[in-house]
Enquirer: 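Sending over a structure as structure tokens; questions will come in a sec.
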Amino acid sequence: MAPTKASQFSDAALKHRLELASKKSGFALLLTNARVFGITCFACIGGLLYGYNQGVFSGVLTMTSFNNHMGDYTTDQTKKGWLTSILELGAWTGTLYSGFLAEIISRKYAIIVNTCIFIIGVIVQCTAVQSGHNGILGGRFIVGMGVGSLSMIVPMYVAECAPPEVRGLLISVQQFAIEFGIMISFWIDYGTNYIGGTGETQSEAAWLVPLCLQLFPALVLLTGMIFMPFTPRWLVHHGREGEARRTLAKLRSMPEDHELIELEFLEIKAQSLFEKRTVEAKFPHLAKLTAWNTVKLQFVSIASLFKTMPMFRRVIVATVTMFFQQWTGINAVLYYAPQIFGALGLSSNTTSLLATGVVGIVMLLATIPSMLYIDRMGRKPALAIGALGMGLCHFIIAVIFARNENKWETEQASAWACIVMVWLFVAWFGFSWGPCAWIVVAEVWPLSARPYGIALGASSNWMNNFIVGQVTPDMITGISYGTFILFGILITMGGGFIWFFTPETSKLTLEEMDIVFGSSGVAVADQERMRKINEEIGLDERVRGLTERSASASGIEKEGTKHIVDEKASE
């Protein structure tokens, strides 16, 4: 028997939405719907804050005035690592509370709360002129909490508000905005490095301005969220169905009684009932939707992922994939790029900052083809080829570094060859492990475990991010070119892990994913639960009516309809 569809949405429902969307392209649909366009801009701001924080500190660390201000926190390599990585420790903390905060007070208010946390962290950093290094350390940890939580809640909010026809576009824009934030942080560092000169006369504004500039997009995000709606899914889940229907109609610019509004509303209601009944079946003592039960449910559900071997295999895939993503060395490059370029022979801080700016541009551009072609190419080939490409770049850098470590001034060609290899490394990452690792982590879970599995993968990502940021300065100083050898070996091992132990998740149904991981029956049970809910709330009956009217109007047979829908969905 062939596996059933992995989604609760029917071909008929999908066809009607696609017929409506076919009148306009994705961007035209955004432009004609002010609220959806506002959500798109909002997604870009959330990603911008995340990406900006990933990159801004690399340039600040090399500025003379900042080094004078921080004392041994920029000369002692261990303290420098702590100074950089404490943001990731804060972000890891943010991932721990983001799920139940978004569920208890809503996605909207959770974003507002975390934006306020972010702003407080920035203000603490900006007062470091008086408070010294403790202000930077404390501020970065608080900013990290906001960034870590926003990195999970913002895409959730956007996905739950966006029309199905442009949901993928909006999430892709979010990823693109992260890379854009990294890029502009590098170039802002390059520009402010000249304030007061690049030597001992350099003004403290050189490093304060890049840090303070974070306040502007954060305030825009905070102000914009006040006027944004709650998500229809959260409203339905908390028994506010009338408000959910009105909100959905506003978001789609349609009357409340439009058949597509009713159809999408029923789909949202079905998903909400599915989640509640899954909790009732697995954790009956937590079925009541209270704040404390929601808090406990996050941890109990994650713990349950370790209780069966098939589910534990999924845990291994998610957490180890994120381990290797961070140990590619990408964030070592992002955090310490100017110092790495200095070690590779660039003679001045200004030149190394310029080379760092190119890193941001290269990674941004390399992300575009991945967004366009990853579904055609598949996850495994992209990740495996990307791993080999990054590993090769690391090994070439190590060889050139070992041969020319003490004679860069006379071997400028070798120095620039190393720098080009760093740029190629970043391009490989932007094409492969940057977006694809997150896709794999999202796809390997059955529907009932997906929120908790993704949270576990995000937790692994931020914790390894913290470790890499902590140890990289000591590695660069202590083992020199051995740093690149270590990263090269680890990412090559990561490619092997993907190729031999991780299944191809592209285009697999949930049932097929169960077979791959040896947990046949989990997704089947999910599908049966969803089928009963669809029948109970009348979604199946409404879909049958739409199918009959569509067939009557167009004369298209069932198989022809399925072919058109599949083709449109593929596009």
Enquirer: Could you label the plane-to-plane angle of the Phe299 and Phe100 rings as parallel, tilted or perpendicular, counting under 30° as parallel and over 60° as perpendicular?
Expert: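 Tilted, since the angle between the ring planes falls between 30° and 60°.
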Enquirer: Do side-chain atoms of His394 reach the backbone of Thr328 as a donor and acceptor pair under 3.5 angstrom?
Expert: yes
Enquirer: With sequence neighbours excluded, what pairs up with Lys380 under the salt bridge (charged side-chain N to carboxylate O under 4.0 Å, His left out) test?
Expert: none
Enquirer: Check for a donor-acceptor pair, side chain of Arg314 on one end and backbone N or O of Val444 on the other, with a separation under 3.5 Å.
Expert: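 Side chain of Arg314 to backbone of Val444, a donor-acceptor pair under 3.5 Å: yes, one is there.
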Enquirer: Any idea which heavy atoms bring Cys126 and Leu208 closest together, and the distance?
Expert: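 Closest pair (atom of Cys126, atom of Leu208, distance): O-CD2, 3.8 Å.
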Enquirer: Quick one: does any side-chain atom of Asn461 pair with a main-chain N or O of Gly457 as donor and acceptor, under 3.5 Å?
Expert: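 Not confirmed, Asn461 side chain does not pair with Gly457 backbone.
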Enquirer: Mark yes or no for whether Thr192, through its side chain, and Ala206, through its backbone, hold a donor-acceptor pair below 3.5 Å.
Expert: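 A pair under 3.5 Å: yes.
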Enquirer: So, using side-chain hydrogen bond (donor to acceptor under 3.5 Å, both in side chains) as the criterion, who are the partners of Ser459 when residues are at least two apart?
Expert: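 Trp92.
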Enquirer: Just so I know, are the side chains of Leu392 and Phe425 near enough to count as touching, which here means a heavy-atom distance under 4.5 Å?
Expert: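 Leu392 does not reach Phe425 side chain to side chain.
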Enquirer: Over all heavy atoms of both residues, which pair between Leu48 and Pro217 is shortest? Give the atoms and the distance, please.
Expert: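 Heavy atoms only, the tightest pair is CD2-CB, 4.2 Å.
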Enquirer: Measure across Pro210 and Ala205 and return the closest heavy-atom pair with its distance rounded to 0.1 Å.
Expert: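 The pair with the smallest heavy-atom distance is CD-O, 4.1 Å.
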Enquirer: Report yes if the side chains of Thr472 and Phe487 come closer than 4.5 Å at any heavy-atom pair, otherwise no.
Expert: yes
Enquirer: Phe57 vs Leu87, test: side-chain contact (heavy atoms from CB on, under 4.5 Å). Steps then yes/no.
Expert: CA-CA 10 Å; Phe57 220 63; Leu87 182 135; over 6 Å; no
Enquirer: With side-chain contact (heavy atoms from CB on, under 4.5 Å) as the test, would you mind laying out the steps for Trp423 and Ile361 before giving the verdict?
Expert: CA-CA 10 Å; Trp423 291 339; Ile361 294 175; over 6 Å; no
Enquirer: Atom CG in Leu137, atom CD in Gln125: separation rounded to 0.5 Å?
Expert: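 Here the interatomic distance stands at 9.5 Å.
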Enquirer: Checking Ser460 side chain against Thr319 main chain: does a donor-acceptor pair fall under 3.5 Å?
Expert: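 Flag set: sc Ser460 to bb Thr319 pair under 3.5 Å.
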Enquirer: Given side chains that start at C-beta, do those of Trp433 and Leu383 come closer than 4.5 Å, heavy atoms only?
Expert: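 Side-chain contact under 4.5 Å: yes.
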Enquirer: Examine Trp187 together with Tyr190 and report whether their ring centres are nearer than 6.0 Å.
Expert: yes
Enquirer: How long is the straight-line distance from SG of Cys393 back to CZ of Phe395, given to the nearest 0.5 Å?
Expert: 11.0 Å
Enquirer: Counting the benzene-type ring for Trp, do Phe323 and Phe497 have ring centres under 6.0 Å apart?
Expert: no
Enquirer: Can you check whether Phe66 reaches Ile136 side chain to side chain, under 4.5 Å on heavy atoms?
Expert: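 Yes; the side chains approach each other to less than 4.5 Å.
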Enquirer: Would you call Phe180 and Leu364 a side-chain contact if the rule is heavy atoms closer than 4.5 Å?
Expert: yes
Enquirer: State whether the side chain of Thr483 and the backbone N or O of Met475 hold a donor-acceptor pair below 3.5 Å, judged by distance alone.
Expert: yes
Enquirer: Roughly how far, to the nearest 0.5 Å, is CG of Asp189 from CG of Leu61?
Expert: 9.5 Å
Enquirer: Report yes if the side chains of Val122 and Leu211 come closer than 4.5 Å at any heavy-atom pair, otherwise no.
Expert: no
Enquirer: Backbone N or O of Leu89 within a donor-acceptor pair of the Thr93 side chain at under 3.5 Å?
Expert: yes
Enquirer: Within the structure provided, determine whether Gln214 and Phe118 are in side-chain contact (heavy-atom separation under 4.5 Å).
Expert: yes
Enquirer: Answer whether the closest heavy-atom distance between the side chains of Tyr157 and Leu150 falls below 4.5 Å.
Expert: no
Enquirer: Look at the side chain of Ser149 and the backbone N and O of Gly146, then say whether any donor-acceptor pair between them is shorter than 3.5 Å.
Expert: no
Enquirer: For atom OH of Tyr50, is the number of surrounding heavy atoms from other residues, nucleotides or ligands below 6.0 Å larger than 12?
Expert: yes
Enquirer: Between Ala427 and Val362, which heavy-atom pair has the shortest distance, and what is it?
Expert: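 Minimum heavy-atom contact is CB-CG1, 3.6 Å.
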Enquirer: Measure the acute angle between the ring planes of Tyr481 and Phe401, then classify it against the limits of 30° and 60° as parallel, tilted or perpendicular.
Expert: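 Plane angle between 30° and 60°, so tilted.
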Enquirer: Is there a side-chain contact (heavy atoms from CB on, under 4.5 Å) between Tyr97 and Asn114 once you walk through the steps?
Expert: CA-CA 11 Å; Tyr97 69 74; Asn114 280 289; 2.7 Å; yes
Enquirer: Evaluate side-chain contact (heavy atoms from CB on, under 4.5 Å) for His69 paired with Trp207, printing each intermediate quantity in order.
Expert: CA-CA 10 Å; His69 180 78; Trp207 57 272; 3.9 Å; yes
Enquirer: Would the distance check show the side chain of Ser65 and the main-chain N or O of Ser203 forming a donor-acceptor pair, the cut-off being under 3.5 Å?
Expert: yes
Enquirer: What's the spacing between Met183 CE and Ile178 CD1 if we round to 0.5 Å?
Expert: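 Rounded to the nearest 0.5 Å, the CE-CD1 separation comes to 14.0 Å.
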Enquirer: Restricting to non-hydrogen atoms, name the atom on Ile400 and the atom on Ala417 that form the minimum distance, rounded to 0.1 Å.
Expert: CD1-CB, 4.0 Å
Enquirer: Side chains of Asn193 and Gln202 only: does a donor on one sit below 3.5 Å from an acceptor on the other?
Expert: yes
Enquirer: Rounded to the nearest 0.5 Å, what separation is found between the CZ atom of Phe484 and the CD1 atom of Ile397?
Expert: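 Rounded to the nearest 0.5 Å, the CZ-CD1 separation comes out at 5.5 Å.
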Enquirer: Of the non-hydrogen atoms in Leu221 and Ile45, which two are nearest, and what is the gap between them?
Expert: CB-CG2, 3.6 Å
Enquirer: Among Glu88, Gln470, Gln325, which residue meets the side chain to side chain contact (heavy atoms under 4.5 Å, CB included) test with Asn465?
Expert: Glu88
Enquirer: For Arg140 and Ile86, indicate whether the former's side chain and the latter's backbone hold a donor-acceptor pair under 3.5 Å.
Expert: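 Looks like no, no N/O pair under 3.5 Å.
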Enquirer: If you round to the nearest 0.5 Å, how far is CH2 of Trp438 from OG1 of Thr321?
Expert: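 The CH2 atom of Trp438 is 11.5 Å from OG1 of Thr321, to the nearest 0.5 Å.
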